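A single structure is presented below for examination.
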Protein chains: 2
Amino acid sequence: MDIQYAILGILSWQSLSGYDIKKVISDSDVFYWSGNNNQIYNNLIALHKNGLVTQEIIYQESLPAKKIYSITETGQQALRNWLLSNPDLPEIHNDFLIQLSWADLLSADEIDDLLARYEEEIGVQLKMKQIQNVRQVAPSRTARERYLWRMIAENMSAAYQRELEWVRQVREGLRQEKFIEERNEDGNGNNN
Amino acid sequence: MDIQYAILGILSWQSLSGYDIKKVISDSDVFYWSGNNNQIYNNLIALHKNGLVTQEIIYQESLPAKKIYSITETGQQALRNWLLSNPDLPEIHNDFLIQLSWADLLSADEIDDLLARYEEEIGVQLKMKQIQNVRQVAPSRTARERYLWRMIAENMSAAYQRELEWVRQVREGLRQEKFIEERNEDGNGNNN
DNA sequence: CTTGTCATGTAAGAGGTTACATGATTCG
DNA sequence: CGAATCATGTAACCTCTTACATGACAAG
């Protein structure tokens, strides 16, 4: 998708400077971009050129001037149209699964160690998400909006929760050698 | 991560041409790249230059010549080192959650329609994954390897399954106006 | 005395995507 | 007769990332 819609969305919540938009994006997991300057500032310029946002320069003493961006009527309409457009499927890039694909090259202990490290990392991440969910800054204009943001946060916690359960299940299955039962005649000779 | 490890992994399973590696990657959800020519062929050249794979040219009558790549000892060692390296967290890019972030701009019916379309798409995808899991081509050199690949496939099915449950829960919550209970005094006036 | 914050911007590059080109063959 | 398969390769482009640059001020 286009990061411009994410920026438009944020500006539909609050008028902000590029610097502040960058912070919102960097701190968020939903807005999954790194929030680097290049992208934010260039896209703000593009949005401005197309009349989707307006720019107000605020001069400050002893601090650099800042440009506060606000969404326009056109911008709001563009955002609305995008909100109504067909949802895309989530894109999941799980490098660990690729690692696991070839993990049969490793010993039983090495695989379990790898899985243990993954479990640990997922566990840490899950705890961080749960803390973050409590103290996050979120738009809270209506009860419905609060509900939506709560469900979005829960979505991500639940994803890690499920991943944790899965990795535990995989380890358990390996420990109990669940895979032995379905032996076949093939042996392990291969024509490599 | 580096797609080169994915390619090395595939070659540790079978010696293949670039064309066939492309097919493996395109058809797979675990190997999440599009599998475009540029990437595959250039990376094979790089792997070859670094001595991680060897190349054997097969001339065919009435079909274009093909280059069969095989993994070398060095390549196998590089793959093994990567397999033992620290797992990365999954990267989830769920554009729908961004859409939902600003969905409070929509009417109740519009939000439900959006969620319904998402539910539909996830449902379709889930069914496709489940069919794919049965008829997929996978390395099957040991019982353990079959187990790992089964668990990887299950991981992805379960991710969609959970997403489906989540979206149904969100819709149900909106229908029952679960968000009303926690009204606050803020009203909906904001300083935009 | 260095590091971090505020605030904008530029530069360079990695990584990935779609599209095009070739040319024989096979399938509907 | 047009489209897909086999098989490799090139070109153009877009997105996103890290790193650098400025300069004043505050905090440890």
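This is a predicted model, so every value here is computed, not measured. Within every chain, numbering begins at 1; the chains are lettered A, B, ... in the order of the sequence lines, protein sequences first and strands thereafter.
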Rounding to a whole Å, what distance do you find between A/Ile57:CD1 and C/dA7:C1'? 12 Å
Determine the contact category for B/Asn38: base if any of its heavy atoms lies under 4.0 Å from a base atom, sugar-phosphate if only primed atoms, P, OP1 or OP2 are that close, otherwise nothing. base
Give a yes/no on whether any side-chain N or O of A/Gln60 is located under 4.0 angstrom from OP1 or OP2 of C/dA7. yes
Could you tell me how far apart B/Ile3 (CD1) and C/dA14 (C1') are, to the nearest whole angstrom? 13 Å
Classify the angle between the aromatic ring planes of A/Phe96 and A/Trp166 as parallel (below 30°), tilted (30 to 60°) or perpendicular (above 60°). perpendicular
Whole-Å gap separating C1' (C/dT10) and CG (A/Asn43): 16 Å
How many whole angstroms separate atom CD1 of A/Ile40 from atom C1' of C/dT10? 16 Å
In the structure I gave you, are the side-chain heavy atoms of B/Val53 and B/Ser15 within less than 4.5 Å of one another anywhere? no
Atom pair distance, as rounded to whole Å: OH in B/Tyr41 and C1' in C/dT18: 16 Å
Below the 4.0 Å mark, does C/dT17 have OP1 or OP2 next to a side-chain nitrogen or oxygen of B/Ser34? yes
Looking at the side chain of A/Lys23, which of C/dA7, C/dC6, C/dG16 is the nearest nucleotide? C/dC6
Sugar-phosphate only, base, or nothing, as touched by A/Lys22 at under 4.0 Å among non-hydrogen atoms: nothing
In whole angstrom, what separates A/Asn42's CG from C/dA11's P? 11 Å
Rounded to whole angstroms, how far apart are CG on B/Asn37 and P on C/dT17? 12 Å
Before you tell me yes or no, could you show the steps for B/Asn94 and B/Glu163 under side-chain hydrogen bond (donor to acceptor under 3.5 Å, both in side chains), namely the whole-Å CA-CA distance, both residues' side-chain angles and the distance that decides it to 0.1 Å? CA-CA 11 Å; B/Asn94 194 340; B/Glu163 194 73 12; 3.2 Å; yes
Contact boundaries of DNA chain D with chain A (under 4.0 Å, heavy atoms), 5' to 3'? D/dC16 to D/dC25
